[in-house]
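If you read the sequence from its start, that first residue is 1, and numbering goes on from there. Owing to the predicted nature of the structure, the values given are computational and were not obtained by experimental measurement.
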Amino acid sequence: GNQKAGEMGLAAVPGRQAAFRQDLSAAVQYARAVGCPRIHLMAGRVPLGTDRATVADEMETTFIENLRYAADFLAQEDMIGLVEPINNRITDPRYFLNTPHQAAAILEKVGRPNLKVQLDLFHCQIMDGNLSRNLETYFPLIGHIQIAQVPGRHEPDSPGELNFPYIFELLESLSYSGYVGCEYAPKGDTLEGLGWLRSYWESRGLQHGGTSKAAE
């Protein structure tokens, strides 16, 4: 969409289907060029001056239509489409897709196996909490995970609500083998801010880079 015009994705925005398809085609070209097999299909915002409850059904219908089109298009490229719930309490009050429950219900209606949830634990904690149960419940639908401490959205070891060593161990127990994206704002220098990861590796008996010391 047009960020300067206040758009944040188009997949659920009525009347913008043609633009969504055009942007999806461009995104696939970029993804193909860099070897990225997953594309985030952003739902978009409730139109300005419109009541969310009034347009919810129309936006969901648009979202489902666009997701089916995107899934079939991405299947030709052996790619996965991702939808990310973004909290509407702090980050974006007008964003349409807000909770993993809403995302799961929509994906069930879409009915395409190459669509998954991009679960950002920052947004999930703000909207619902109950992270352990949500990770277990929606694990079959998860295609990518993102992390940030709550409420500051900084490094996982910064002061906040979330116990990331516990969360990482839970993901291991669930046999999660995908990526964990660090979508946070470093409090200072980026490399210095990755000290939490070095400390975590060491606590698990791993070298920097995640290789086992025993294996070495």
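For Arg133, the salt bridge (Lys or Arg N to Asp or Glu O under 4.0 Å) criterion is met by Glu136, not counting sequence neighbours. For His101, the ring-ring contact (aromatic ring centres under 6.0 Å, His included) criterion is met by Tyr138, not counting sequence neighbours.
Contact annotation: the side chain of Ile142 approaches that of Leu135 to within less than 4.5 Å [non-hydrogen atoms, C-beta and beyond]. You'll find the side chain of Phe73 stays beyond 4.5 Å of the side chain of Arg21, heavy atoms only. Counting heavy atoms from C-beta outward, Leu41 and Asn66 have side chains that stay 4.5 Å or more apart. Side-chain contact between Ile145 and Leu171 is present, with heavy atoms from C-beta onward closer than 4.5 Å. Put simply, the side chain of Ser203 reaches to within 4.5 Å of the side chain of Tyr200, judged on heavy atoms. Proximity of Ile147 to Val180: side-chain heavy atoms (C-beta onward) are separated by under 4.5 Å at one or more points. No side-chain heavy atom of Thr50 sits under 4.5 Å from any side-chain heavy atom of Met59. Lys116 has its side chain out of reach of His144: every pair of non-hydrogen atoms, C-beta onward, lies at least 4.5 Å apart.
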Could you walk me through whether Phe63 and Leu97 pass the side chain to side chain contact (heavy atoms under 4.5 Å, CB included) test, one step at a time?
-> CA-CA 10 Å; Phe63 202 18; Leu97 186 65; 4.1 Å; yes
Could you go through the side chain to side chain contact (heavy atoms under 4.5 Å, CB included) check for Gln146 and Glu84 one step at a time?
-> CA-CA 10 Å; Gln146 293 174 327; Glu84 179 188 6; 3.1 Å; yes
Hey, mind stepping through Val46 and Val55 against side chain to side chain contact (heavy atoms under 4.5 Å, CB included) and telling me if it holds?
-> CA-CA 8 Å; Val46 175; Val55 298; 3.9 Å; yes
For Met8 and Arg94, run side chain to side chain contact (heavy atoms under 4.5 Å, CB included): C-alpha distance rounded to whole Å, both residues' side-chain angles, the deciding distance at 0.1 Å, then the answer.
-> CA-CA 10 Å; Met8 191 174 177; Arg94 289 171 42 222; over 6 Å; no
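For the residue pair Pro151 and Phe122, the shortest heavy atom distance occurs at O-CE1, 3.9 Å. Of all heavy-atom pairs spanning Cys124 and Leu131, the tightest one is SG-CD2, 3.6 Å. The minimum heavy-atom distance between Leu162 and Gln125, with the atom names listed, is CD2-CD, 3.5 Å. Closest non-hydrogen pair, Ala31 versus Ile39, comes out as CB-CD1, 3.9 Å.
No continuous path of ILVMFWY side-chain contacts below 4.5 Å connects Met79 to Tyr30, so the two sit in separate hydrophobic clusters. Placement of Leu206 and Tyr179 in two distinct hydrophobic clusters is found when ILVMFWY residues are connected by side-chain heavy-atom separations under 4.5 Å, directly or transitively. One hydrophobic cluster, built from ILVMFWY side chains closer than 4.5 Å, cannot hold both Leu48 and Leu10; they sit in different ones. Criterion: ILVMFWY side-chain heavy atoms under 4.5 Å apart, direct or through other members. Under it, Val13 and Val83 are not part of a common hydrophobic cluster. Under the 4.5 Å side-chain heavy-atom criterion for grouping Ile, Leu, Val, Met, Phe, Trp and Tyr, Leu141 is connected to Leu174 within one hydrophobic cluster.
Remark: the backbone N or O of Pro85 is not paired with any side-chain donor or acceptor of Asn98 at under 3.5 angstrom. In this structure, the side chain of Tyr95 engages the main chain of Ala43 through a donor-acceptor pair within 3.5 Å. A donor-acceptor pair under 3.5 Å is formed between the side chain of Asn134 and the backbone N or O of Gly129. The main-chain N or O of Pro186 is never found under 3.5 Å from a side-chain atom of His154 such that the two would form a donor-acceptor pair. With hydrogens and angles ignored, the 3.5 Å screen pairs a side-chain donor or acceptor of Gln17 with a backbone N or O of Gly15. Judged purely by atom type and a 3.5 angstrom limit, Asn2 has no side-chain atom pairing as donor or acceptor with the backbone of Glu7. Within the 3.5 Å criterion, the main-chain N or O of Glu161 finds a donor-acceptor partner in the side chain of Gln149. With hydrogens and angles ignored, the 3.5 Å screen pairs a side-chain donor or acceptor of Arg89 with a backbone N or O of Met127. Between the side chain of Glu155 and the backbone N or O of Lys187 there is at least one donor-acceptor pair closer than 3.5 Å.
Enclosure of atom CG in Asp51 by more than 12 non-hydrogen atoms of other residues, nucleotides or ligands within 6.0 angstrom is indicated. The number of heavy-atom neighbours closer than 6.0 Å to CD of Gln22, taken from other residues, nucleotides and ligands shown, is 12 or below.
A distance of 5.0 Å separates NE2 in His123 from OG1 in Thr91, rounded to the nearest 0.5 Å. The line from CG of Asn88 to CD1 of Ile126 is 10.5 Å long, rounded to the nearest 0.5 Å. Atom CZ of Phe139 is separated from atom CG of Leu170 by 9.0 Å, given to the nearest 0.5 angstrom. Note that the CG atom of Asn163 and the CG atom of Asp157 stand 12.0 Å from one another [nearest 0.5 Å]. In this structure, the separation between CZ on Arg45 and CD1 on Ile86 is 9.0 Å, given to the nearest 0.5 Å. Here the NZ atom belonging to Lys109 is positioned 3.5 Å from the CD atom belonging to Glu60, to the nearest 0.5 angstrom.
Applying the 4.5 Å side-chain rule to ILVMFWY residues, one finds Leu82 in the same cluster as Ile80.
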